[in-house]
Amino acid sequence: MTATDDSRAQVQLAAIAAIGAGAEDLVALDVSQPLPFADAFLIMSGRSERNVSAIADAVEDKLSEAGTRVKRREGQAEGRWALIDFGDLVVHVFHPEERDYYSLERLWKDCPVIPLEEALVR
C-alpha cells in the first residue's frame with residue numbers, strides 16, 4: 001500500500017504554503033504501510049517560535065482553501081512545535097531544537113520519501 005494521489009497532492013500544497021511562510025528542511029514520508037490512520041507525514045522546521053506558528057497557519061489556510069479540513073491541531077501555543085492532522089496527511093512543524101529531539105525522520109527512516117516538486121526544493 002502506498003500514499004494515495006490525493007495525499008500526495010495535499011503534501012505538495014502544504015509544502016508550497018510552508019515554504020511561502022519560511023519553512024526549511026522539508027521532508028515528506030509515505031507512512032501508509034506502517035500506519036493505518038495516515039498516508040503521509042510532512043516534516044519541516046521554522047526558524048523561530050513565531051515562524052513555526054506562521055507556517056502552521058499558512059499550511060492550514062492553504063489546505064482549507066483546497067477543501068481539506070483539519071481534524072486536529074496541537075502544540076502551537078508555545079511555538080516550539082505544531083502538529084496539524086488533516087486525516088491522510090499529518091504536518092509536523094518544529095523549532096530546530098525540538099526537531100532534533102523528536103527526530104521523526106530517524107523514527108520513520110524505513111518509510112519511503114515522497115519527492116517534493118522540483119520548484120519547491122530549489
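How far OG of Ser45 is from CG of Leu26: 8.5 Å, rounded to the nearest 0.5 Å. Taking CG of Leu42 as the reference point, atom CG of Leu13 lies at 11.0 Å (rounded to 0.5 Å). A distance of 13.5 Å separates NZ in Lys109 from CG in Leu104, rounded to the nearest 0.5 Å. Here the OG1-CG distance, from Thr2 to Asp39, works out to 8.0 Å after rounding to the nearest 0.5 Å. Rounded to the nearest 0.5 Å, atoms CD1 (Ile114) and CD (Gln10) are 10.5 Å apart. Rounding to the nearest 0.5 angstrom, the gap separating the CG atom in Leu63 from the CZ atom in Phe86 is 4.5 Å.
Phe41 and Val59 fall into different hydrophobic clusters, where Ile, Leu, Val, Met, Phe, Trp and Tyr side chains are chained together by heavy-atom contacts under 4.5 Å. Two different hydrophobic clusters hold Val27 and Val91 under the rule that ILVMFWY side chains link at heavy-atom gaps under 4.5 Å. The cluster map of Ile, Leu, Val, Met, Phe, Trp and Tyr, joined by side-chain heavy atoms under 4.5 Å apart, puts Val93 and Leu116 in the same cluster.
Among all heavy-atom pairs drawn from Gly22 and Asn51, the shortest one is O-OD1, 3.6 Å. Contact record, Ala17 with Ala58: CB-O, 3.5 Å, taken as the closest heavy-atom pair. Contact record, Pro96 with Gly46: CD-O, 3.0 Å, taken as the closest heavy-atom pair. Nearest heavy-atom pair, Ala56 versus Ile84, reported as atom, atom and distance to 0.1 Å: O-CD1, 3.4 Å. The heavy-atom pair separating Arg99 from Phe94 by the smallest distance is CB-CB, 3.5 Å. Nearest heavy-atom pair, Ala38 versus Val90, reported as atom, atom and distance to 0.1 Å: CB-CG2, 4.1 Å.
Using a 4.0 Å cut-off between charged nitrogen and carboxylate oxygen, Arg8 and Asp30 count as a salt-bridge pair. A salt bridge links Glu74 to Arg72: one of the charged nitrogens lies within less than 4.0 Å of a carboxylate oxygen.
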### Query
Glu105 and Ile43: side-chain contact (heavy atoms from CB on, under 4.5 Å), yes or no, with the steps?
CA-CA 8 Å; Glu105 293 96 329; Ile43 305 163; 3.9 Å; yes
### Trp81/Val52 under side-chain contact (heavy atoms from CB on, under 4.5 Å): CA gap, chis, key distance, verdict
CA-CA 7 Å; Trp81 64 276; Val52 167; 5.6 Å; no
### Task
Please assess Leu107 against Tyr102 for the test side-chain contact (heavy atoms from CB on, under 4.5 Å), listing each intermediate value before the final yes or no.
CA-CA 8 Å; Leu107 182 64; Tyr102 289 105; over 6 Å; no
### Task
Let me see the working for Ser7 and Leu89 under side-chain contact (heavy atoms from CB on, under 4.5 Å), right down to the final yes or no.
CA-CA 6 Å; Ser7 297; Leu89 169 63; 5.8 Å; no
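For Gln12 (side chain) and Pro115 (main-chain N/O), a donor-acceptor pair under 3.5 Å exists by modelled atom type. Looking at Asp25, its side chain never comes within 3.5 Å of a backbone N or O of Met44 through a donor-acceptor pair. Judged by distance alone, the side chain of Ser64 and the main-chain N or O of Glu60 form a donor-acceptor pair under 3.5 Å.
Legend: residues meeting side-chain hydrogen bond (donor to acceptor under 3.5 Å, both in side chains) with His95, ordered by chain and number and at least two apart, are Arg80. Glu65 meets the salt bridge (Lys or Arg N to Asp or Glu O under 4.0 Å) test with no other residue; sequence neighbours excluded.
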